[in-house]
Amino acid sequence: MSFLDLENVTKIYPNGTKAVNETSLSISEGELMVFVGPSGCGKSTLLRMIAGLEDITDGEIKLDSKVINKVDPSERDVAMVFQNYALYPHMNVFKNLSYGLKNKGESKEKIEKKVNEVAELLEIKEFLQRKPAQLSGGQRQRVAMGRAIVRNPKAFLFDEPLSNLDAKLRGQVRIEIKKLQKQMGVTSVFVTHDQVEAMTLGDRLAVINEGIIEQVGSPIEVYENPATYFVAEFIGTPQMNFINGKIKSNKFISEGLNCSLSSNLSDQDVIFGIRPENLKVSSQGNIQMKVDLIEKLGADSIIYGYDKSNNYICYRENGNTSIQVNNEITLEIEEGKYHLFDKETKKRLN
């Protein structure tokens, strides 16, 4: 059942910049939707419009079947967790958590009960008398989340909340957010430019480019069947390999690669995409590559090099690979594991 609906939502700034372009999306009750895309693509603007912090130029936003375009942010019953925590530095943790409840006129007993429940849930009970400056980054982010949770809102909105944390802490807090969201079952929208966060957190992803949602789907759907060249390029680390060429008589033909296709497509110019994990060293291969760089990551090694047409190719190999820089190797494409994109429209063909 749809719980949060965006219908042709558009945002145009006074200088004419169209930050969000006629975006429509339905988010189910209890779902964790991730808006992912590069900086400046419009994802935070879209989130801020849901929160009421940005005016909508056109379209409608509905929460629980009610149009909230003109509803004051404080009356929308959504809670936002910001990148910079936005805690009151002069208040201790207890007062930060209870501030919103106090403004709503909740009784002292109810406030104390709710704050203690949330503090226990987030494992910050021992910090209730400390001020934000006395907490680590991870503890401060938990307090920021607690301030949102304690209000018991209809929806949580997360605006890149992990960006200020170091790599290890980001991983820990990411897991906590996922577990908490599932435990509480609150409809949530999470904004990030980090595809690892997007893939691991979201029930579904909305991949945004220049104010337009290019694809909506589960993380594995988006990864395995990118709808456009942009989605294929943006989602996946290391990124997908791309080779320009053309389809002729059901074969892909380029200077560095010729291969038969299992798809029945008309003759046309295309971009051929292969993910690094769908390549393997084989004498039967049809990509010849000279190794330029090797990144050893422990369990995996990432091998980079140039094919005969000077395309830069990357593939994933075992961590204990014997391949050396300047080796010449032949790579085979896993059967059927390729992606074809129209050179003009950049839309997926197969």
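We find the CD1-NZ distance between Ile247 and Lys251 to be 13.5 Å, quoted to the nearest 0.5 Å. In this structure, the separation between NZ on Lys246 and CD on Gln268 is 11.0 Å, given to the nearest 0.5 Å. For the atom pair NZ of Lys296 and CD of Glu317, the computed distance is 10.0 Å after rounding to the nearest 0.5 Å. Rounded to the nearest 0.5 Å, atoms CZ (Arg76) and CD1 (Ile61) are 6.0 Å apart.
Salt-bridge annotation for Lys62 and Glu7: present, with a side-chain N of the basic residue lying under 4.0 Å from a carboxylate O of the acidic one. In this structure, Glu117 pairs ionically with Lys113, as a charged nitrogen and a carboxylate oxygen lie closer than 4.0 Å. Taking a cutoff of 4.0 Å between a charged side-chain nitrogen and a carboxylate oxygen, Glu197 and Arg170 qualify as a salt bridge.
Partners of Tyr223 by ring pair (Phe, Tyr, Trp, His ring centres under 6.0 Å), not counting sequence neighbours: none found.
With hydrogens and angles left out, the side-chain atoms of Ser282 and Gln284 include no donor and acceptor closer than 3.5 Å. With 3.5 Å as the limit, one finds no donor-acceptor pair spanning the side chains of Gln215 and Thr228. A donor-acceptor pair shorter than 3.5 Å can be found between the side chains of Tyr312 and Asp292. Of the N and O atoms on the side chains of Asp194 and Thr192, not one donor lies less than 3.5 Å from an acceptor on the other residue.
Members clustered with Tyr229: Met240, Phe242, Ile271, Phe341, by chain and number, using a 4.5 Å side-chain heavy-atom cutoff among hydrophobic residues.
In this structure, Lys95 is not positioned above the aromatic face of Tyr99 in the sense of NZ or CZ being under 6.0 Å from the six-membered ring centre and within 45° of the axis.
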Item checked: Pair Leu261-Leu340, side chain to side chain contact (heavy atoms under 4.5 Å, CB included): steps then yes or no -> CA-CA 10 Å; Leu261 303 175; Leu340 295 167; 4.0 Å; yes
